[in-house]
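Beneath this line is the structure, given in structure tokens, with notes to follow.
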Protein chains: 2
Amino acid sequence: MLKAQFDHTNCSDCPIRHRAVCAHCDADELEELEGIKYYRTFEAGQTIIWSGDQMNFVGSVVSGIASLTQTMEDGRTQMVGLLLPSDFVGRPGRETAPYDVLATTDLVMCCFRKKPFEALMGSTPHIAHRLLQMTLDELDAAREWMLVLGRKTAREKIASLLSIIARRDASIAPKAKPGPIVFDLPLTREAMADYLGLTLETVSRQVSALKKEGVIELEGKRHVTIPDMRRLMDEAGDDSDGGFLI
Amino acid sequence: MLKAQFDHTNCSDCPIRHRAVCAHCDADELEELEGIKYYRTFEAGQTIIWSGDQMNFVGSVVSGIASLTQTMEDGRTQMVGLLLPSDFVGRPGRETAPYDVLATTDLVMCCFRKKPFEALMGSTPHIAHRLLQMTLDELDAAREWMLVLGRKTAREKIASLLSIIARRDASIAPKAKPGPIVFDLPLTREAMADYLGLTLETVSRQVSALKKEGVIELEGKRHVTIPDMRRLMDEAGDDSDGGFLI
DNA sequence: GCTTTCACTTGATCTCAGTCAAGGTTTCGT
DNA sequence: ACGAAACCTTGACTGAGATCAAGTGAAAGC
């Protein structure tokens, strides 16, 4: 029984198995998957798919970071989602991609051909169920971000973004733990600006300000140390127990 | 066979039946539902549930409009969703509400007790499937709105909102049809401001400007006529074929 | 009928972030 | 090692939208 040998909570073979497919998997599912699964790699800056294009796969991020971006005719762009390892890409039941998907860093994705995946989803209820949970998480994250975009100041926006990346990257709970947190910013100033609805100049200025005031420490341009997570979260204006999800 | 008598595409009895439960319903499902379903009515301005509260139901809007709102400690608020008739409220698998839900107008909701609904969802795959589709639609709408909040000017924001309400209210396709569209604004200037990430004064000024320039016509403060939908959509900066969903 | 309240409008002023511009640093290719 | 190209920083100025303030009009309460 493959079922018994498989550690569902720590499946590193393929994130989608762990997060969407494998939650309570059966041996025959796993076998069925073998035929429809494949890996793709992308270089930083590469476009994975353009908005409006036919999208014949779903998948999830194995390593690296991808972004979902919307662009207006005049070139204004807004990042609408950040895909970190284990995040899911694609919509069962949709023909075309609703936004551009870009590799922000070098990226490995684990993909499934869409038709067979949908068939598998139809025959194995817990996959649809798991996808529903993941989509609800994404929806919460998107709505949390609407508050950031609509009501926060530039400084609060930067603090919010750093806060999210720090928590996600360091895999810590929403409640602030004491002690410094260290990580590398996976985004350029321009990508940060696109995510935050700011210009890159404003991002640069606010990062510098946070650094000067000791809220963050910078080594080079990307290596960040957060001496006091509590303080960063105060700067972000988050509720004390806000459950960010992204 | 109830199945045969039931018109799935035009079920006005209860939107959730139509949109989530009833898509391919069976007689026994319908019977099972009777025991867990109930209606609730709210007055305009009433709070349906506070963020963080226990939420022991899911449901959908029958008539009226509800809003999902997030508030910061200092009182800044951002509306993160607008629930029009047939929209779904609640998250299977979540204990507490992630935002405030408010009745914007007088409201009737059709609710289901959460536990039995989840059980029903577990035993009838197409419900989970239907909910997934609806949640993906909501996610698209939320991300579309992130572009509005992050990158559009005040004037474009107003035009975008009017455009959404007009399309949704008049149930027309994304492609602009010629001929005037008439509807009543279901939101106060303040609610519009909260949705758009603006102040109510700015909303008022921009509405006046659009009126003065003939993009919209106003009778009183709420009754809106859009003589040329194409022109409004241009003001909103939408792509020609943008598929707004909200 | 008169006040009160609520929703909205309009004006004057201020400010935060955008724009334009110049210069610095790091990385990469040759 | 050198030059080019990204990427980032900083400064000066501008402007869209916020803030503060006053006033209008319609509906609700007494």
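Proteins get letters first, then strands, A, B, ... in listed order; numbering begins at 1 in each.
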Salt-bridge contact [X]-[Y] (side-chain N to carboxylate O under 4.0 Å):
X         : Y         : value
Arg76(A)  : Asp74(A)  : yes
Lys152(A) : Glu235(A) : no
Arg143(A) : Glu138(A) : no
Glu217(B) : Lys211(B) : no

Can you measure [X] atom [atom1] to [N] atom [atom2] for me and round it to whole angstrom units?
X         : N       : atom1 : atom2 : result
Ile158(B) : dG17(D) : CD1   : P     : 10 Å
Glu201(B) : dC14(C) : CD    : C1'   : 14 Å
Lys152(A) : dG17(D) : NZ    : P     : 22 Å
Leu198(B) : dT9(C)  : CG    : C1'   : 16 Å
Lys211(A) : dT10(D) : NZ    : C1'   : 13 Å
Arg76(A)  : dA16(D) : CZ    : C1'   : 13 Å
Leu185(B) : dA7(C)  : CG    : C1'   : 13 Å
Met192(A) : dC7(D)  : CE    : P     : 15 Å

Self-check item: Options dT10(D), dT9(C), dG17(D), nucleotide nearest the side-chain atoms of Gln206(B)
Solution: dG17(D)
Self-check item: Ser204(B) side-chain proximity, nearest of dG18(C), dT10(C), dT19(C)
Solution: dT10(C)
At less than 4.0 Å, is any side-chain N or O atom of [X] found next to OP1 or OP2 of [N]? Yes or no.
X         : N       : result
Thr199(B) : dA18(D) : yes
Thr188(B) : dC6(C)  : no
Thr202(A) : dC16(C) : no

Quiz item: Among residues 215-224 of chain A, which residues get a heavy atom nearer than 4.0 Å to DNA chain C?
Solution: none
Quiz item: Can a donor-acceptor pair under 3.5 Å be found between the side-chain atoms of Glu190(A) and the base atoms of dC7(D)?
Solution: no
Quiz prompt | base_contact_polar (dG18(C) base, Arg205(A) side chain, donor-acceptor, <3.5 Å) | solution =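 Check fails, no donor-acceptor contact within cut-off.
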Practice problem: Quick one: label Gly197(A) by what it contacts on the DNA or RNA (base, sugar-phosphate, nothing), any heavy atom closer than 4.0 Å. | Solution: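 Sugar-phosphate contact only.
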Quiz item: Is the side chain of Arg222(A) donor-acceptor paired with the backbone N or O of Asp184(A) at a distance under 3.5 Å, no angle test?
Solution: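 The answer is no, because no donor-acceptor pair under 3.5 Å joins these two groups.
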Quiz item: Donor-acceptor pair, Thr105(A) side chain versus Ile65(A) backbone, under 3.5 Å?
Solution: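 A pair under 3.5 Å: yes.
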Quiz prompt | Test side chain to side chain donor-acceptor pair (under 3.5 Å) applied to Ser163(B) and Ser160(B), step by step | solution = CA-CA 5 Å; Ser163(B) 183; Ser160(B) 296; over 6 Å; no
